[in-house]
Each structure stands twice: as structure tokens, then as C-alpha cells.
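I have placed the structure first, in the form of C-alpha cells, so that the comments after it can refer back to it.
So you know, we letter chains A, B, ... as the sequences are listed, proteins then strands, and number each from 1.
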2 protein chains.
Amino acid sequence: MPQPVLELRHLETLLALDECGNLSKAAARLYLTQSALSHQLKALERHYGTILLVKNVRPVRFTAAGTRLLDLARSVLPQVADAERELARLAGGGGGPLRVAVQCHNCFDWLMPAMDAFRPLWPGVELDIISGFVADPLPLVERADAELAVVHDEPPARPLLSFSPLFRYESVALMSPTHPLAAKPWLEAADFQDQTLITYPVPDEMLDVMKHCLVPAGVNPRRRTAELTVAILQLVASGRGIAALPAWTIGHYIARGYVVSRPIGRGGLRCDLYAATRRAGAEVAYIREFITLTRSLCLTELQGVSAL
Amino acid sequence: MPQPVLELRHLETLLALDECGNLSKAAARLYLTQSALSHQLKALERHYGTILLVKNVRPVRFTAAGTRLLDLARSVLPQVADAERELARLAGGGGGPLRVAVQCHNCFDWLMPAMDAFRPLWPGVELDIISGFVADPLPLVERADAELAVVHDEPPARPLLSFSPLFRYESVALMSPTHPLAAKPWLEAADFQDQTLITYPVPDEMLDVMKHCLVPAGVNPRRRTAELTVAILQLVASGRGIAALPAWTIGHYIARGYVVSRPIGRGGLRCDLYAATRRAGAEVAYIREFITLTRSLCLTELQGVSAL
DNA sequence: GAAAATAATGAGTTTGAATCATTATGCCCG
DNA sequence: CGGGCATAATGATTCAAACTCATTATTTTC
């Protein structure tokens, strides 16, 4: 007598499917394989005796039946989330500090909205950013001066820490539309050799292009620095040099034609962000939710971002 | 990153727990073992870091956290059920005939309310009772003159049919409060020997006491028949004989002291009801729901009824 | 205080949900 | 039109969650 074939898991899948538009992306977002989702869908469709979505079209299109289930998901999953938050409160885990240490300038672009979304859900949590960017924030977390650190790439395992993937973004090269390099479909490391590279005034370690592309290739262009993203874009637009920034920072500058962007290297330059917490912290409901909420916000809102 | 530990299954469990008042009963209702529920609860409680219910008290008492989850269940599960009904409609399985064949008189007591509850959920289903009680309704189902038959005990497997347990009820002996047998804590078959047994005018096959108790024991009391349950009770109350009826039929007669009831045999006389459908019919959403709905209504509303 | 109900526990088993490795399908573009 | 890329389907295999079984512990009842 198997009453409920349907489980919350399936509703999560449908939601992801709707947001991502295809099985593979949705699977990545759910930390599952494309195969898993395919099997899942097939089982559901067999059970209900009707197709739930048309997959050979981009993005996937939900049938009437699929839409009905999607609506169910939209109604039910938030209720579940609410209940679980309240349970955390009832279990005495509804409040506490959440100090976030961030390495990179640009992260503030998404960190602020994420914090804004988080605050009303967990009014009992004291949310702070550990200001002044820290070269290596991991010791902060280890000695409990921060609950969470955002770091690049997955660091080697540490006994006290646990790492959760946040997302992968693309760093793109920026130049004025009239710049000679704008003619190329993508840039190689060598293309930077005779250029002026405009960056934030931070160590090369913390600059994606330098760390992952130019330093390995032994390229060392002229440099110029600016504190603010707008200032960098200003300099680029006026032809004073080229820059490399995460794709998400520059959406409307591109749209307005002030600057153009080109991938760095054939497949583009991908950078991975992780959230580090102490292992004990990874159990705390509000820290977990901060991570998942941030991830999910970034994946849906930010340009050029994909699941990790 | 296992987000949802909670699944619909758990919500079903909580609901059953609330209705049944203890793990064992709830487990039976869900077709699971008591052990399964115990493990389930423990896992949930470990995950949320708080106790959900106090089990060493009858009925179990939900904690604040438990109540919150129970509320979630009460909100979410009906939404899921609604969605699934609509899916069935969208899949083209929202309508069709549902002709129910019933063996026993008393079954109408619960069949009517069940049908009343069912109708608004499936307006497209043509619900009928195959009237005139049929001695053996199984052939009706086999040759598709009925979609569902209610039968006693689990019949031997038949190639075309599938049987679903409905519930178990107790048949009790009824007598006037002043009757000598009322002094006994329970009745043996032999006690019936010199009595007048008042029954419906149907073959012994279809009378629980006869079939499962007196006939096996070779006891054959005087007989008197009446068509209606009230008439039987009237005769019993006025000392004209004793009767045996399902415990559920007689609640308020007992309460008012007109008659008293005694178990038949040490542990009482238990009878099992099953729903028979054609194997193909067991797949049809509305037939499945009719069965589960009926079962669940009877289990919660009827006296002396337990899960099978 | 014994018997009956009920719950907990840990080991063992089953099942279903995932992955892996591969094949199929559709789409774009030269 | 055919090769290459992105995406989905498939079936075998793996793995772990969830269940059962057998037993012990606890509580209730008479």
C-alpha cells in the first residue's frame, strides 16, 4: 500500500527544474546527477500516468500536470522551511552570532542582498561582517572569531573546518569597445603582456586573473589600481587599460556599451567560492540556512554563475 | 548537503500518531512496524535536536516542537492530496464508475458516510451500491460488473483480483442487562446453546458468530430473525434472546443501558474486512482513494475497530 | 507482583534512490 | 549534410536509508 510516492524531494526537484531550465543544471544545483533527476521524473510520470514536462525544449516547459505539482511545491516548501525554522527556535538554536569573514571585494555585491534576505528569517541571529578584508580568514573561523568565511577554491581539508561549495563564477576581461583586443573572441594570457591591467589595490593572490592565469603563464603587465569598481570601469571605458572582474559585477555597464567583455582563455576563467565553518557550526541550523540561502540567491540572481 | 531530512512520510507518521495515540497502533495504520516508527521518530528528534513527543503517557503527548510539525502535517498533507487528485483528473483518470458490492448488512453503517465523504472529492466518479446483498460478490468484480467488493477475511488469491485490507472489527454478544449471561465477563460458544439467537434473515455463512464461533463449535441455538438492527436490539432489550453484532453498531444503545455487550470468546471475536478490486482497478487513483478514505474513516470513527 | 502493552535497541535485510558508464537525441553551424 | 556539442535516457551497479526481526527495557494494569 505505498501511499505517498511523492516526497518533498520531488518538489525540490521541480522547483530547481523551473529555476534552472534543464535537467543538468537543476541536478547540479541539487548536488545530484542528471541521471538521478531523469529517473526521478520518469518514476513520477509513470506513477501519475502523465507527462510532467517537455524536456526537448529550452527551457523545459511544464505541462498542466507539471505546473500543478510545481504550484504545490511553491506552496508547500516554504511552509516546511518556516516550520523547520521554528523548530530550530524551539530547540534553542534560534539565535547566536554569525560573523562572516570575506576575502574579496566583489563578494559584497552578493553578500549584502543575501544578508538582507536572511535577517527577517532569523531575527535572533546577530549578523556581522568582519570588516577590513582578511588575507587568510580561515584561522579566524578556527579560533571562533568568525562563524563563517568565504574563500576561493576548495582548500585542503583542515581538522576543525568544514567546507561547503557556494558557487562558481566567471571572471571576464573588460576593455573599451574600441580597444584592439576587443576584436578577439577571447583573450590569452599573452594578450595581457603589453597592456595596463587595472585592479583593486590588493595582493596578486587575491586577484583571480593574476592567480589563475597571468602568474602561472609568467605574464606581468603594467599595473594601475583603483579602490572602487566604478572607478575601474571608468578607467577601462576611457581606454586607460583593461581589467578583469567577475561577470556579475558588470551587467549594465556592458548593456550600455561603455565596455565590452571577453572570456579569459578558451573556456573562460572560472573561480570557485566556498563557505568555511567550524565542523560544529555546520550543524547549526541558521548557519546552514545562511549558506544555502546565499548559494541559491547567487545562483538565481547573478550573471555568469553556476552551481558547484 | 542533505537539506530535507523531513519527508512527507514523516508527516504521515505524525498524523497517524496523533490519531492513534501510540506508536504501535500508528504503525499498524501505516502498514509499518512499531520499530520503524520508533527509529523514524528518533532520527527526526536527533536531527532537530529536540524531543517531539512524550511517549510514556497515553495517549502520546506532543511537545511544542512536535505540535509545530503536526500543524505542518495538517496543512501540507491535504494540499498534497488535493494536488494528486487534480493530477489524476489531468491524466484523464478523474472519472468513471465505482460500483460497490457489499456482503453484509452492517457495512452500510460505515459505507454511507464513506461515500458521502468521497463524493465531493471525486465529483466525476459515479458512485453506486450494488443493492440486494450478494452472497459472493467476487465474481461480480471479476466480470467487471462492480469495481469493488467488500468481503470478510482474506480470500485465497485469485488471478484477476487484488485485495486490500480495510479493518478489523469486533463482534460482541448483546443481551438485556438482567439476562443471566450478563453476569459472565465473556461468553463461550457453549453459552449460546440454550439461548435464542436473534439475527438478520441471511445464511449462516454471513453471520460472524455462526461462521467463526458457533458452527465450528457445533453449537446450534434456537433462532429468530429480524430485518432491522433496531428491531434486533428491541428484541434483545426486552429479553427475547441474545444477538451478536459488530461493536460499532451499538454504541448508544449500550450507553443508555438498554442492552449490555460481552466479548465472544476470551479475546473477543474479531472479523476482518477486505476490499477486492480487479488488479487493473487497484491502479486507478479514485478507487485507491476510496479504499484508503474508507479505511481511515472507519478506523477513526468506529468503535472497536483496529487496523489490519 | 505478574502479565500485558508499549517502546527502544541493534543487527540484519531489503529496497529504492543514487551513481556510473554509456547510448540516444536534438541542435547548431561550418 | 555530417560532425560536434549540449542535453536527456537508459540499464547495470552501488550504496545507504529505511525497514523488519528478534530481543530487551519500560510502563501500565489488574
Using modelled atom types only, decide if a donor and an acceptor are shared between the side chain of B:His39 and the backbone of B:Ala36 within a distance under 3.5 Å.
-> no

Is B:His152 close to B:Asp208 at the side-chain level, that is, under 4.5 Å between some pair of heavy atoms?
-> yes

Name every donor-acceptor pair, under 3.5 Å, that has one atom in a side chain of residues 48-62 of chain A and the other anywhere in the protein, sequence neighbours excluded.
residue	atom	partner	partner atom	Å
A:Tyr48	OH	B:Glu84	OE2	2.2

Walk me through it: do B:Lys184 and B:Arg262 pass the test side-chain contact (heavy atoms from CB on, under 4.5 Å)?
-> CA-CA 8 Å; B:Lys184 303 194 66 173; B:Arg262 292 290 177 270; 5.8 Å; no

Counted 5' to 3', the first and last nucleotides of DNA chain D within 4.0 Å (strictly under) of a heavy-atom of chain B are D:dA18 to D:dT28

Hey, does the side chain of B:His179 reach the backbone of B:Ser176 with a donor-acceptor pair shorter than 3.5 angstrom?
-> no

For A:Gln40, enumerate each residue passing the side-chain hydrogen bond (donor to acceptor under 3.5 Å, both in side chains) test, keeping only those at least two apart in sequence or located in another chain.
-> A:Thr13

For B:Ser24, answer base if it contacts any base atom (sugar-phosphate contacts may also be present), sugar-phosphate if it contacts only those atoms, and nothing otherwise; contact means non-hydrogen atoms under 4.0 Å.
-> sugar-phosphate

Going by the ring-ring contact (aromatic ring centres under 6.0 Å, His included) test, which pairs reach into residues 287-308 of chain B, not counting sequence neighbours?
-> B:Phe118-B:Phe290

For side-chain contact (heavy atoms from CB on, under 4.5 Å), just list the numbers for A:Val209 and A:Ser171, CA-CA rounded to whole Å, side-chain angles, deciding distance to a tenth of an Å, and then say yes or no.
-> CA-CA 8 Å; A:Val209 235; A:Ser171 263; over 6 Å; no

side-chain hydrogen bond (donor to acceptor under 3.5 Å, both in side chains) partners of A:Asn22, counting only residues at least two apart | none

Residues in side-chain hydrogen bond (donor to acceptor under 3.5 Å, both in side chains) with B:Ser75, at least two apart?
-> A:Gln79, B:Gln79

When you measure from every atom of DNA chain C, which of residues 299-308 of chain B have a heavy atom less than 4.0 Å away?
-> none

From CA spacing to verdict: side-chain contact (heavy atoms from CB on, under 4.5 Å), B:Gln34, B:Leu37 | CA-CA 5 Å; B:Gln34 169 268 322; B:Leu37 291 212; 6.0 Å; no

Can you give me the N/O atom pairs linking the protein to nucleotides 26-30 of chain C at distances under 3.5 Å, or say none if there are none?
none

Produce the list of close N/O pairs, under 3.5 Å, pairing protein atoms with atoms of nucleotides 17-19 of chain C; give distances to one decimal.
residue	atom	partner	partner atom	Å
C:dA17	O5'	A:Arg9	NH1	3.4
C:dA18	OP2	A:Gln40	NE2	3.1
C:dT19	OP1	A:Thr33	N	3.4
C:dT19	OP2	A:Thr33	N	2.8
C:dT19	OP2	A:Thr33	OG1	2.4
C:dT19	O4	A:His39	NE2	3.4

B:Phe167 meets the ring-ring contact (aromatic ring centres under 6.0 Å, His included) criterion, sequence neighbours left out, with B:Trp110

Please report how far the helix from C:dG1-D:dC30 to C:dG30-D:dC1 bends, comparing the axis fitted to its first five pairs with the axis fitted to its last five, to the nearest 10 degrees.
-> 30°

Do side-chain atoms of A:Arg279 reach the backbone of A:Pro159 as a donor and acceptor pair under 3.5 angstrom?
-> yes

Applying side-chain hydrogen bond (donor to acceptor under 3.5 Å, both in side chains), name anything that partners B:Asp18, two or more places apart in sequence or on another chain.
-> B:Arg74

Please name the residue in the list A:Leu14, A:Asp82, A:Leu11, A:Leu72 that meets the side chain to side chain contact (heavy atoms under 4.5 Å, CB included) test with A:Leu77.
-> A:Leu11

